[in-house]
Protein chains: 2
Amino acid sequence: MENNELPADVALMWRLRETPRRGPKPSLTLDDIVAAAIAIADEDGDLGAVSMARVAERLGNSTMALYRHVKSKDDLFVLMSDAALERPEPLPDGVDWRTGLTFWANGVLTAIRKHRWYAKVPISGPPAGPNNLAWFDLALSALEDTGLAEEAKVGVVMGLITYVQGEVRVAFDLAAGFDENPAAFQQYGAILARVVDPRVYPSVAKVIAAGVFAMDTSFEEDSDADFAFGLQIYLDGVAAFIDRVGVKGG
Amino acid sequence: MENNELPADVALMWRLRETPRRGPKPSLTLDDIVAAAIAIADEDGDLGAVSMARVAERLGNSTMALYRHVKSKDDLFVLMSDAALERPEPLPDGVDWRTGLTFWANGVLTAIRKHRWYAKVPISGPPAGPNNLAWFDLALSALEDTGLAEEAKVGVVMGLITYVQGEVRVAFDLAAGFDENPAAFQQYGAILARVVDPRVYPSVAKVIAAGVFAMDTSFEEDSDADFAFGLQIYLDGVAAFIDRVGVKGG
DNA sequence: CCATACTGCGTACCTGCTACGCTATTTAGC
DNA sequence: GCTAAATAGCGTAGCAGGTACGCAGTATGG
């Protein structure tokens, strides 16, 4: 059996466990457990709300029953993070790489938006789950016609993933902080102004004076704009890289 | 007293508490507590190793004594994350923005490398501590001569921070995973090859076939190269943005 | 029909955060 | 000086959470 050589969590993610023959029928399935955990995290918006006890309670089982299906809580997290990303929609036909990657990035954003805890799952290894790989595959396919070497494509996509996830993490953490204490955010500019000495922080002081931190727009708008702005910059960089290294073609 | 209107954690970070007049002399200082917490996290490389009990033990005090200086553990985290970043070195004189931002990014990288837990501190608000602001100021000052609007500078710097922190987070998490289970990483390519169906993941299959996941280089080298690669792409994008929007000069 | 393998679960242990209230200590104000 | 107020340290205890262990019950292969 080849499966035996696979790491346990990878085997679980791909559902490669051979079905056991003896013993009672399981009253729980792995999918139920993962779905329940995701539901809890979604409702609370916080990974911290997921406890083994709560997951079990939601399924009408005891806490320890879960451990027949999952090795540990971290294991469950890995499963959650792959299951949370549903399969991506395919790229529109015949688009150039930039349109493709923009489509992809926005798809990732909408997918993760449904699961605000996603970016907080501790990364335990390179992407290895079926859904994560599907997204990875899609991004790579967008670069198909650029003439970049495979390794360069991977680099570009990894960088983009890093950027998107970082942006998402910051945005959601800030949004959570905002919900918790809106006053602190609305006063952010005022607070900085009080505490920042222009002789020590001249550039920050200029920014404050220009009213950048005045918080006139809503949070959602703000983070959407930040995302688009950063994405544009990154893609401009990719374009420059392709011009420099790749074969021009399309 | 203006301080009263400041959020508690901000006041703490800037050490704005007015010194009390009555009562016993404190045997602990806030700096001691933060330093001890940082030392623990550094030694273990994991934020999870920081418990109030352990911090107190290291200081020869009881757990609850800490709560006279810090409102909660999250409070302590915020303090830690500002204290961990020491003051940045100033930029070399007369450098252009690109050299400046590269210098800056590498500075951030070395600063965070000493504190592998840094990128895991939950973000509770926009940067407001003295050290974080110093880094922020430095990055903004690198863009001084670009003619960008203040808001655009902030956008560029925020994007860069997001990218750098994201990259660092991934790199350290992977490194930790690697230390824990090196075999799984060395076999990553082989595992993928076993599990990836070329019809479902054609682009990933091509990457695997090209041997990109073969893991011939060391981990350190690999993540350094990734960092530099992504940074280059981002800065190329910034250059394009400046060409498009900014006043050319310098 | 029994041995086997497997599921669910109760119990218990450990770690961790922190509210509460007591005691000791220092000083402001008289 | 003396007293009252304010403050530091800390012991206790409550609560939540992860999970090792072993028992009881169940389905199946021989």
Side-chain angles (χ1 to χ4, degrees), chain A residues 1 4 8-9 11-12 17-34 36-37 40-41 44 46-80 117 120-122 124 180, chain B residues 1 4 8-9 11-12 17-34 36-37 40-41 44 46-80 117 120-122 124 180:
Chain A
M1 272 277 149
N4 292 341
D9 46 342
L12 275 184
R17 270 198 324 181
E18 56 251 49
T19 30
R21 309 175 170 282
R22 283 185 254 196
K25 303 279 184 218
S27 67
L28 283 172
T29 64
L30 189 54
D31 296 278
D32 290 339
I33 295 175
V34 173
I40 292 171
D44 201 277
D46 181 13
L47 205 56
V50 177
S51 76
M52 298 306 262
R54 245 193 291 277
V55 173
E57 189 191 15
R58 176 178 275 255
L59 294 167
N61 278 66
S62 81
T63 306
M64 293 312 293
L66 304 184
Y67 284 90
R68 291 284 174 205
H69 303 264
V70 154
K71 200 164 55 55
S72 71
K73 196 185 181 184
D74 285 328
D75 226 69
L76 178 57
F77 281 162
V78 173
L79 268 347
M80 286 173 71
W117 44 269
K120 287 222 188 138
V121 175
S124 55
E180 209 175 285
Chain B
M1 273 277 149
N4 292 342
D9 46 342
L12 276 183
R17 273 196 323 180
E18 56 253 49
T19 29
R21 307 171 172 284
R22 284 184 252 194
K25 303 279 186 222
S27 68
L28 283 172
T29 64
L30 189 54
D31 296 278
D32 290 338
I33 295 175
V34 173
I40 292 171
D44 200 278
D46 181 12
L47 205 56
V50 177
S51 76
M52 299 305 263
R54 244 191 295 276
V55 173
E57 189 191 13
R58 176 178 275 255
L59 295 167
N61 278 67
S62 81
T63 306
M64 294 312 292
L66 304 184
Y67 284 89
R68 291 284 173 205
H69 304 263
V70 153
K71 200 165 54 57
S72 70
K73 195 186 180 180
D74 285 328
D75 225 69
L76 178 57
F77 281 161
V78 173
L79 268 346
M80 284 173 71
W117 43 270
K120 287 221 188 139
V121 174
S124 55
E180 209 175 284

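Chain letters run A, B, ... following the sequence lines, proteins first and then strands; every chain starts at 1. Because only heavy atoms are used, hydrogens play no part in the values below, and waters and symmetry mates are left out as well, while side chains stay in.
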Classify every nucleotide of nucleotides 11-16 of chain C by which part a protein heavy atom approaches to under 4.0 Å, writing B for the base, S for the sugar-phosphate alone and - for neither, in 5'-to-3' order.
B----S
Starting at atom CG of A:D75, determine the distance to atom C1' of D:dT19, rounded to an integer number of angstrom.
13 Å
Which residue pairs satisfy the side-chain hydrogen bond (donor to acceptor under 3.5 Å, both in side chains) criterion with at least one member in residues 51-61 of chain B, sequence neighbours excluded?
B:E43-B:R58
Is the phosphate of C:dT7 approached by A:H69 (side-chain N or O, under 4.0 Å from OP1 or OP2)?
no
Find the distance A:Y67:OH to D:dG22:P and express it as a whole number of Å.
17 Å
Answer yes if the side chains of B:D75 and B:S72 hold a donor-acceptor pair under 3.5 Å, and no otherwise.
no
Per-nt protein contacts along nucleotides 22-30 of chain C (heavy atom under 4.0 Å; B base, S backbone sugar-phosphate only, - none) come out as ---BBBS--
Atom pair distance, as rounded to whole Å: CD in A:E57 and P in D:dG17
10 Å
Which heavy atom of B:V78 sits nearest to which heavy atom of B:S124, and what is that distance?
CG2-OG, 3.6 Å
What is the minimum heavy-atom distance between A:I40 and A:A49, and which atoms define it?
CG2-O, 3.5 Å
The test is side chain to side chain contact (heavy atoms under 4.5 Å, CB included); show your working for A:K71 and A:L76 and say whether it passes.
CA-CA 8 Å; A:K71 200 164 55 55; A:L76 178 57; over 6 Å; no
Below the 4.0 Å mark, does D:dG9 have OP1 or OP2 next to a side-chain nitrogen or oxygen of B:S27?
yes
Going by heavy atoms in the side chains, are A:W117 and A:D46 under 4.5 Å from each other?
no
Nearest heavy-atom pair of B:H69 and B:I33: which atoms, and what distance?
CB-CD1, 3.6 Å
Is any side-chain heavy atom of B:M80 closer than 4.5 Å to one of B:V50?
yes
Rounded distance (Å) that lies between atom P of D:dT19 and atom CG of A:L66:
11 Å
